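Each remark here refers to the structure printed beneath this line.
No experiment lies behind these values; they were computed from the predicted model shown.
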Amino acid sequence: EDSEIYLSEESLEEVIIANDSDIESKSFESELEDEQIKLLRAEIAKRMDKVDDAEEGPMWKCTECGKQLKKKNKLEIHVETHLEGFSHTCVHCDKVHKTRIALKTHINVHHKGA
């Protein structure tokens, strides 16, 4: 039985933290076009600022919505949800996802071992 699983951004972040996943892993990244990755990284970087929070210390801030996180890689995952014009297609079933982590989660859930 193949059922659809929908996760919110917060749920995806919890999965990442729980599994200590790396969205830039070599096997996963090899499924994406190199030029698309370069453009995506550039767009993500444009939407992040390093800030000093009086209470928390050094933080990374999303310039789109103001969300702040201590870990740069966690904010990169968040910032990607704001981007338009990027899509990531599953090589196994052609399903299209908005973010790399959504694609990675899809592959792990629906095509594990493929």
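Nearest approach of T63 to K46, heavy atoms of both residues: OG1-O, 4.0 Å. In plain terms, the two heavy atoms of M48 and W60 that are nearest each other are CE-CE3, 3.8 Å. The nearest pair of heavy atoms linking L75 to C62 is CD2-N, 3.5 Å. In plain terms, the two heavy atoms of K50 and P58 that are nearest each other are CE-CB, 4.3 Å. Here the closest non-hydrogen pair linking C93 and H111 is SG-NE2, 3.5 Å. A pairwise comparison of heavy atoms in T99 and H88 identifies C-CD2, 3.4 Å as the closest pair.
Counting heavy atoms of neighbouring residues, nucleotides and ligands inside a 6.0 Å radius, atom NZ of K71 does not exceed 12 of them.
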Exercise. How far apart are the C-alpha atoms of L39 and E43, what are their side-chain angles, what is the distance that settles it, and do they pass the side chain to side chain contact (heavy atoms under 4.5 Å, CB included) test?
Worked result: CA-CA 6 Å; L39 289 171; E43 289 300 318; 5.6 Å; no
Exercise. When you look at I101 and E80, which way does the side chain to side chain contact (heavy atoms under 4.5 Å, CB included) test go after all the steps?
Worked result: CA-CA 9 Å; I101 196 63; E80 192 172 345; over 6 Å; no
Problem set entry | side chain to side chain contact (heavy atoms under 4.5 Å, CB included) between L40 and R100, worked out | CA-CA 10 Å; L40 184 60; R100 294 174 291 170; 3.3 Å; yes
Exercise. Between R47 and L83, is a side chain to side chain contact (heavy atoms under 4.5 Å, CB included) present by the stated rule, with each step listed?
Worked result: CA-CA 9 Å; R47 290 167 174 82; L83 300 180; 3.4 Å; yes
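Note: H106 and H110 have tilted aromatic rings, judged against thresholds of 30 and 60 degrees for the angle between ring planes.
Taking NE2 from H97 and OG from S87, the interatomic distance works out to 10.5 Å, rounded to the nearest 0.5 Å. Atom NE2 of H92 and atom NZ of K112 lie 13.0 Å apart (nearest 0.5 Å). How far NZ of K61 is from CG of D52: 12.5 Å, rounded to the nearest 0.5 Å. Between D53 atom CG and M59 atom CE the span is 5.5 Å, to the nearest 0.5 Å.
Put simply, the side chain of E76 never gets that close to the backbone of R41: no donor and acceptor are under 3.5 Å apart.
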